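What follows is a set of notes on a single structure, which appears directly below.
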Amino acid sequence: MSASGTDFCENCGSRASFAPLFPAAHATRCCGRCGGWHYFAPLPAPAAELYDRDYFFGAEYRDYDLSRPAQHINFQRKLRLLAQAGCGIGASSRVLELGCATGDFLALVRRQTGAATLGVEISAFARGRAEEQGLSVLSPEAPELAQHVAEFAPDFIVAWDVWEHLPRPASVLDAHLAAAQPQVVVALTTVDASSAVARLRGHRWRQFHPPTHLNYPTRRSLRSFLQDRSFRVRSQQSFGYHRPLLEYVGALGLQPREAGASQRWLTHPVYLNLFDTQLVIGQRQGS
Ligand SMILES: [Zn+2]
C-alpha cells in the first residue's frame with residue numbers, strides 16, 4: 001500500500017484517491033473524498049499481541065480496574081444518547097459490541113435492559129475478563145465468528161473507541177452489517193480528524209499514535225459511510241470522557257502506585273472534553 005493513488009478508504013468505506021499527509025516517516029495518507037487519515041506502514045506485531053495485560057494496566061490505561069467508576073458514567077451517557085436519538089436499547093434488543101474489552105458495557109446493558117449481547121474482542125486477556133462476567137465473546141480471528149454473528153442477527157452494533165484501532169474498520173463493519181437486521185442501529189465513538197485540535201496539532205495530536213491508532217475518520221467519513229449504506233444519521237456530536245483522577249495525576253509524572261492508587265479518591269471521575277472524539281448514531285432505513 002502506498003501513500004498516494006486510488007484505493008478503498010477504510011474511513012468512508014468507498015473507493016477514493018489518497019495523498020500523502022505529514023512527513024513521509026509518519027506513513028500516513030489522507031483520503032481525497034472524506035479527509036480521513038490512514039496509517040499504512042506494516043504493523044510491528046499482530047494486534048492480538050498489542051493488547052495484552054500491559055495495555056490495560058500501564059500502557060493505554062494506567063489501571064483499568066480503577067477506571068471502572070468513570071467508565072460506568074461514560075457508558076450510561078452513551079445509553080442515554082442512544083435513547084435521546086430515538087434508538088434506545090430494550091429487552092428485545094440484540095447488541096453486538098465490537099472491541100468489547102472486558103465486557104463492562106455489555107454487562108451493564110444486560111443488567112439494565114435485559115437485551116441479548118455478543119462481544120468481539122482481540123485481546124485474550126480482556127476476553128477472559130469478559131467471560132468471567134458470563135458474557136459470550138469471540139475473537140475477531142475466530143473461524144466461527146461470522147456464523148455466530150449471522151445466527152445472533154444483531155439490531156444494534158456498537159463500537160466504542162475501536163474504529164481507530166482497526167486496520168480495516170469499514171470492511172469489518174460492512175461484514176457485520178451484512179448479517180444484521182434490516183433496521184440495525186450503529187453507534188460509534190472514535191477520533192475526529194476534522195476537529196480543530198487535530199487540524200492544529202497534525203502528527204503531534206494526542207490521538208495520533210500508530211500502531212495502536214491506524215485510522216482517523218473525520219465527521220464526513222462516518223456520515224458518508226452511513227449514508228452510502230442507506231443509513232439515516234440520527235446524531236453526530238463530540239463526546240467528552242469521564243476519567244479517573246489518577247489519569248491526571250499520572251499526567252503530572254506520578255505513577256498511580258506511588259500516588260497511592262488504592263486510595264478511593266483517585267478513582268473519582270473527572271470530565272474532560274477536548275472536542276476531538278466524535279459519537280455517531282445511525283439507523284439503516286431497511287424494509
Ligand atoms: Zn475516505
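In each ligand, atom 1 is the first atom listed, and ligand 1 is the first ligand listed. None of the values given here were measured: they were computed from a predicted structure.
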Using a cut-off of 2.8 Å, how many protein N, O or S atoms lie below it in distance from the Zn ion (ligand 1)?
4
Acceptor/donor pairs from residues 77-84 side chains to any protein atom, 3.5 angstrom cut, sequence neighbours excluded:
| unit_1 | atom_1 | unit_2 | atom_2 | d |
| --- | --- | --- | --- | --- |
| R77 | NH1 | N74 | OD1 | 3.4 |
| R77 | NH1 | G240 | O | 3.0 |
| R77 | NH2 | G240 | O | 3.1 |
| K78 | NZ | Y241 | OH | 2.9 |

Measure across A170 and E10 and return the closest heavy-atom pair with its distance rounded to 0.1 Å.
N-OE1, 2.9 Å
Those residues that, when tested against T190, pass side-chain hydrogen bond (donor to acceptor under 3.5 Å, both in side chains) (two or more places apart):
E164
Contacts of S194 that satisfy side chain to side chain contact (heavy atoms under 4.5 Å, CB included) - sequence neighbours left out:
D192, T218, R219
Between R201 and D276, does any side-chain N to carboxylate O distance fall below 4.0 Å?
no
Residue pair F18 / F8: nearest heavy atoms and the distance that separates them
CZ-O, 4.1 Å
